[in-house]
There are 2 protein chains.
Amino acid sequence: MQSRTPVGRAGRPRSAAADTAILAATRQALVELGWSKLTLGDVATRAGVAKTTLYRRWAGKNELVVDAVAELFAELELPDRGSLAADIEGVVLQFAAILALPEARSGLMAVVAESTRDEALRARIRASIVEPQKHLVLEGRTRAQTRGELPPETDPDSSARTAELIFDVIAGAVVHRALVSSEPVDMDWSRDFTRLLLNGLTSPPTT
Amino acid sequence: MQSRTPVGRAGRPRSAAADTAILAATRQALVELGWSKLTLGDVATRAGVAKTTLYRRWAGKNELVVDAVAELFAELELPDRGSLAADIEGVVLQFAAILALPEARSGLMAVVAESTRDEALRARIRASIVEPQKHLVLEGRTRAQTRGELPPETDPDSSARTAELIFDVIAGAVVHRALVSSEPVDMDWSRDFTRLLLNGLTSPPTT
DNA sequence: ACGCTTTCGCTACGAGTCGTAGCGTAATGG
DNA sequence: CCATTACGCTACGACTCGTAGCGAAAGCGT
């Protein structure tokens with residue numbers, strides 16, 4: 001993650017156990033203290049590691065929290081639920097479940113905020129958290145096309161743009177509902193959202 | 001904003017000029033330093049005020065930045081552009097223009113992150129930044145209904161839920177596109193997004 | 001078994017920020 | 001003119017930061 005160990009290198013290897021302990025301690029500290037009161041010294045103590053070890057592996061708080069939060073988002077999957085609507089509702093609820101974790105709520109938004117002034121950090125967030133989720137959109141669309149629920153793609157450029165658009169709409173809406181409006185992302189909301197995404201505003205509200 | 005001055009109270013009144021100077025200095029510091037490196041002492045110096053004056057008016061960094069950022073979002077309007085699609089595209093571009101300001105980018109996301117662990121702060125953000133924008137959705141819908149573009153509302157409960165949903169979708173999508181994907185929210189994207197919102201995924205992409 | 005190399009834990013350090021207290025002064029209203 | 005409140009200024013202990021230096025530990029190659 002943070003600094004690829006050059007294989008075949010001599011000397012004492014970095015403890016892999018320390019890595020997992022540090023990341024777990026970071027998440028625990030995020031839960032108990034939140035982003036602003038989280039200190040690297042505290043994380044080191046929780047993990048049973050020296051503070052200097054932390055600084056040897058991560059450049060700072062930002063990078064550390066990105067890696068700690070990234071592991072929370074690694075488990076998103078897209079089981080085939082039989083219809084495009086059901087697939088979307090399922091992934092929305094999965095995403096919401098992660099955002100219900102305190103360590104994800106405070107950590108994710110904080111690093112995004114910091115990334116507005118740090119291009120390298122922004123790239124790191126995209127690479128380790130955001131991009132890995134985009135396959136969900138592509139899989140869901142392909143699956144819906146084989147079902148006949150969506151027309152096949154014609155222009156590859158338009159196809160890619162639409163996928164990005166859908167991703168921003170889904171992820172953005174769920175995050176905004178959960179963290180800004182701070183209203184529950186439950187099955188009712190997931191259904192309403194999916195209906196809007198599939199049918200649009202102009203179609204009648206099929207109860 | 002921060003502490004309602006009890007009118008008819010004796011003693012020296014608080015300087016209104018100091019308020020505006022402090023909030024302007026806060027935004028300037030957000031631009032130059034970003035959220036994490038912004039210190040209240042620095043803001044006080046920029047504003048030409050004593051640090052203690054800052055602490056007398058605001059409880060801390062969070063509350064100060066909320067007020068400073070809130071003023072940026074006060075200018076959102078919804079001019080009648082003739083069609084629902086054009087109205088949506090217009091408000092999306094307005095919102096994107098605000099999010100293009102560095103002081104809005106870093107400040108807004110940071111306080112949202114902090115608000116995940118502070119219910120009072122979350123309420124303050126909603127009251128002074130988020131809620132004042134929801135009338136845009138209501139106005140736009142009413143206007144579209146009088147144009148005949150949308151069917152009139154039947155169930156008042158469903159009507160309110162839909163308005164909240166639309167708000168989360170629009171605001172969330174724009175924020176995610178601008179700050180997470182960090183891709184431009186330009187007229188092309190605004191058009192694509194509006195078409196998706198109006199027609200849904202299942203309708204063919206009318207080029 | 002023996003160096004060589006790199007990491008580890010520990011301690012200590014100057015620099016910077018925090019939020020508060022205390023004081024004398026300035027600006028209002030009665 | 002007096003009570004009241006806000007203001008600017010200074011100083012303070014407590015805390016966090018990121019780094020440096022040290023001896024010890026844990027691997028690798030021969």
Side-chain angles (χ1 to χ4, degrees), chain A residues 1-26 29-30 32-65 106 110-111 114 117-118 120-121, chain B residues 1-23 25-26 29-30 32-65 67 106 110-111 114 117-118 120-121:
Chain A
M1 292 294 169
Q2 69 282 10
S3 65
R4 189 56 54 199
T5 307
V7 282
R9 202 77 190 85
R12 175 176 178 175
R14 289 191 168 172
S15 160
D19 259 48
T20 62
I22 290 172
L23 293 177
T26 303
L30 275 176
E32 297 179 15
L33 305 174
W35 162 267
S36 58
K37 295 185 179 176
L38 179 149
T39 71
L40 294 198
D42 185 62
V43 170
T45 305
R46 288 172 190 265
V49 211
K51 189 172 63 163
T52 44
T53 298
L54 262 171
Y55 280 101
R56 287 190 192 100
R57 306 192 181 196
W58 284 277
K61 197 165 152 178
N62 294 337
E63 291 77 10
L64 173 63
V65 172
S106 49
V111 293
E114 290 300 310
R117 297 186 46 80
D118 186 340
L121 182 62
Chain B
M1 295 290 172
Q2 68 284 9
S3 64
R4 189 56 54 199
T5 305
V7 282
R9 202 77 189 84
R12 175 177 177 176
R14 290 192 168 171
S15 162
D19 259 48
T20 61
I22 290 172
L23 292 177
T26 302
L30 275 177
E32 297 179 14
L33 305 174
W35 163 267
S36 57
K37 295 185 179 175
L38 179 149
T39 71
L40 293 196
D42 184 61
V43 170
T45 305
R46 288 171 190 266
V49 221
K51 189 172 62 162
T52 44
T53 299
L54 262 171
Y55 281 100
R56 288 190 191 100
R57 305 191 182 196
W58 283 276
K61 197 165 151 177
N62 294 337
E63 291 76 10
L64 173 63
V65 171
D67 287 1
S106 50
V111 293
E114 289 300 309
R117 300 186 43 82
D118 186 340
L121 182 63

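Below, read A as the first sequence line, B as the second, and so on, with proteins coming before strands; counting in each chain starts at 1.
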Quick one, [X] and [Y] - any side-chain contact, counting heavy atoms below 4.5 Å?
X       : Y       : result
A:Leu40 : A:Trp58 : no
A:Val49 : A:Leu54 : no
A:Trp35 : A:Lys61 : yes

Looking at C:dC8, I'd like to know if its phosphate oxygens (OP1 or OP2) sit under 4.0 Å from a side-chain N or O belonging to A:Ser15.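 For A:Ser15, the contact criterion (side-chain N or O under 4.0 Å from OP1 or OP2 of C:dC8) is not met.
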Give me the distances for all protein-to-nucleotides 17-21 of chain C N/O pairs that come in under 3.5 Å?
| unit_1 | atom_1 | unit_2 | atom_2 | d |
| --- | --- | --- | --- | --- |
| C:dG19 | OP2 | B:Tyr55 | OH | 2.5 |
| C:dG19 | N7 | B:Lys51 | NZ | 3.2 |
| C:dG19 | O6 | B:Lys51 | NZ | 3.1 |

Check the distance between C:dG9's P and A:Arg14's CZ and give it to me in whole angstrom. 12 Å
Calculate the interatomic distance between A:Leu54 atom CG and D:dT16 atom P; express it in whole Å.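 For the pair A:Leu54 CG and D:dT16 P, the rounded distance is 15 Å.
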Among residues at least two apart in sequence or on other chains, which ones pass side chain to side chain contact (heavy atoms under 4.5 Å, CB included) with B:Thr52? B:Ala50, B:Arg56
Please identify each residue that fulfils side chain to side chain contact (heavy atoms under 4.5 Å, CB included) with A:Ser36, with sequence neighbours left out. B:Glu114
Have a look at the helix from C:dA1-D:dT30 to C:dG30-D:dC1 and give the angle its two end axes make, five pairs each, rounded to 10 degrees.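 One end axis against the other gives 30°.
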Please report the interatomic distance [atom1]([X]) to [atom2]([Y]), rounded to the nearest 0.5 Å.
X        : Y        : atom1 : atom2 : result
B:Asp67  : B:Ile22  : CG    : CD1   : 10.5 Å
A:Arg57  : A:Leu64  : CZ    : CG    : 11.0 Å
A:Asp118 : B:Ser106 : CG    : OG    : 12.5 Å

What's the shortest heavy-atom distance between A:Ala25 and A:Val43, and which atoms?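 Here A:Ala25 and A:Val43 meet closest at CB-O, 3.8 Å.
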Taking salt bridge (Lys or Arg N to Asp or Glu O under 4.0 Å) as the definition, give me every residue that meets it alongside B:Arg46, ordered by chain and number, with sequence neighbours left out.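 B:Arg46: salt bridge (Lys or Arg N to Asp or Glu O under 4.0 Å) contacts with B:Glu32, B:Asp42.
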Taking only N/O atoms, report every protein-nucleotides 23-26 of chain C pair under 3.5 Å with atom names and distance.
| unit_1 | atom_1 | unit_2 | atom_2 | d |
| --- | --- | --- | --- | --- |
| C:dA26 | N3 | B:Arg12 | NH1 | 3.2 |

